[in-house]
Amino acid sequence: MEWPWNRKDPELAAAPEQKSAMVDAVDHLVNALPDPILILDSSGIVIKANANAEEMLEMMPVGLHLSQAIRAPAVLEAVTRAVSQGSSASVDYEVRGPLPRNFEVYVSPIMPAQPDSPAVLLVLKDLTREQQIERMRSDFVANASHELRTPLASLSGFIETLQGAARNDETAREKFLNLMRSQAERMKRLIDDLLSLSRIEMNVHLHPSAKVDLAQVARHVCDLLSSMAQEEKVTLQINLDSKLDVAGEWDELVQVVVNLVENAIKYSEPGKTVRVEGEASAGFVTLSVIDQGRGIAEEHIPRLTERFYRISVQESRSRGGTGLGLAIVKHILNRHRGRLLVTSKLGHGSQFTIRLPSI
Ligand code: ADP
């Protein structure tokens with residue numbers, strides 16, 4: 001890139017006002033660029049920094065040596081090479097601290113006209129978010145594979161036993177087939193939840209517009225889950241305003257309420273009550289699922305909607321959980337411009353409230 005400062009153009013040299021207009025234009029251009037930009041002279045002094053660079057470095061670096069703004073030997077070496085050998089390079093730069101950030105710094109020489117004119121351009125590309133997403137993606141793949149491999153390993157074990165030791169044992173065969181069925185069902189639940197999550201994620205920016213009465217959704221879900229509640233000896237109580245209209249997709253809202261009521265039943269003891277309460281006020285519809293279970297310690301609450309996050313993996317699995325239910329709830333609510341609020345008191349129970357704009 002040729003900078004106006006470096007032009008040996010006799011016409012420009014003869015027209016200082018034109019030259020200063022060019023310098024202004026380049027100044028504006030550097031300020032308008034979305035990445036942090038620094039320009040150094042050949043001795044490594046910062047002679048230009050755009051607002052993004054000042055914000056990122058949390059200082060005004062102009063007039064300082066680069067080493068006072070960026071304490072990274074690899075970046076400083078790349079600058080030295082740019083000046084002495086005219087070579088460009090991309091180097092990693094990690095900002096440590098309470099909120100660590102990762103950058104890729106592109107260092108490129110600019111042929112200087114005079115000793116104090118621009119000699120090196122630094123473009124800092126913030127990779128923090130990209131790397132976070134990449135880490136989340138690979139964690140997710142690792143978790144999902146692990147979750148699927150566990151029941152698959154049990155299935156293989158049972159098949160081996162049925163082909164070997166239990167080949168002619170009628171009673172053992174029956175027992176193992178039942179165990180195999182429950183492992184296969186677990187894999188099916190997991191795959192169904194994974195597919196649900198990916199379908200909802202694909203549509204997250206499409207806001208549903210059909211009119212859905214959340215009171216009707218809640219009543220329908222309580223009907224669906226009444227036999228589960230009976231089996232677990234949990235009483236389901238409903239207390240709803242007559243109309244709780246929201247813009248939504250029936251099936252997805254049913255899925256949200258099923259996940260919340262199912263959890264409330266699953267994590268309650270026999271003899272307890274689960275209340276489903278809904279009301280419309282001040283432009284919003286709220287639906288709360290309130291249980292008298294053991295409650296959730298405060299430190300877990302912000303993480304409950306992470307995929308595969310469970311307070312006790314063993315307990316969740318023994319109750320047929322996949323660890324994806326609340327992640328699905330969160331994604332569906334995002335699509336509906338809604339929110340999930342969780343409050344809980346250890347030993348007393350939890351309240352999961354969804355809040356959606358009413359129509
Ligand atoms: P799971 O399939 O394990 O139930 P969820 O995503 O639905 O997965 O919930 C995540 C975790 O949150 C559960 O494993 C459980 O530890 C906790 N949890 C959810 N709902 C409740 C509740 N009503 N009471 C106590 N703990 C709950």
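The shown structure was predicted, so the numbers you read here are calculated from the model rather than taken from an experiment. Whatever order the structure lists ligands and atoms in, that order sets their numbers, starting from 1.
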- request: Show your reasoning for whether side chain to side chain donor-acceptor pair (under 3.5 Å) applies to Q351 and T353.
  value: CA-CA 6 Å; Q351 174 162 344; T353 300; 3.3 Å; yes

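For ligand 1, the atoms closer than 4.0 angstrom to any heavy atom of Y309 are 10 (C), 11 (C). Heavy-atom proximity to T322, at under 4.0 Å, picks out these atoms of ligand 1: 2 (O). Within ligand 1, counting atoms from 1 as listed, the ones closer than 4.0 Å to a heavy atom of G325 are 5 (P), 6 (O), 7 (O).
Taking distance alone, with nitrogen or oxygen atoms compared against 3.5 Å, R310 stays at or beyond that limit from ligand 1. For ligand 1, the polar-atom distance check against L326 finds a nitrogen or oxygen pair separated by under 3.5 Å. Ligand 1 has no N or O atom lying under 3.5 Å from any N or O atom of F352, backbone or side chain.
A salt bridge does not link K272 to D291: none of the charged side-chain nitrogens sits closer than 4.0 Å to a carboxylate oxygen. A salt bridge links D213 with K243: at least one charged nitrogen is closer than 4.0 Å to a carboxylate oxygen.
Residue contacts with ligand 1 include L304, since one or more of its heavy atoms lies under 4.0 Å from the ligand. The shell of residues lying under 4.0 angstrom from ligand 1, judged by heavy atoms, includes G323.
Scanning all heavy atoms of the two residues, the minimum distance from A53 to P36 falls at CA-CB, 3.5 Å.
For the residue pair S350 and S344, a side-chain donor N or O sits within less than 3.5 Å of a side-chain acceptor on the partner.
Under a 4.5 Å side-chain heavy-atom cut-off, the cluster of Ile, Leu, Val, Met, Phe, Trp and Tyr residues that includes V62 is completed by L38, L40, V46, M56, L57, M59, L64, L66, I70, V75, L76, V79, V83, V91, Y93, V95, F103, V105, V107, V120, L122, L124.
Of the protein's heavy atoms, Y267 CD1, 3.6 Å lies nearest to atom 27 (C) of ligand 1. The protein non-hydrogen atom at the shortest distance from atom 16 (O) of ligand 1 is I311 N, 3.1 Å. Scanning the protein for heavy atoms near atom 3 (O) of ligand 1, the closest one is S316 OG, 2.6 Å.
Legend: residues meeting salt bridge (charged side-chain N to carboxylate O under 4.0 Å, His left out) with E147, ordered by chain and number and at least two apart, are R310, R317.
I311 is connected to V289 through a chain of hydrophobic side-chain contacts under 4.5 Å among Ile, Leu, Val, Met, Phe, Trp and Tyr, so both are in one cluster.
In this structure, of D291, N259, L260, the residue bringing a heavy atom nearest to atom 23 (N) of ligand 1 is D291. Between the choices N263, I296, D193, the shortest heavy-atom distance to atom 19 (C) of ligand 1 belongs to N263.
At least one side-chain heavy atom of I332 sits under 4.5 Å from a side-chain heavy atom of E252.
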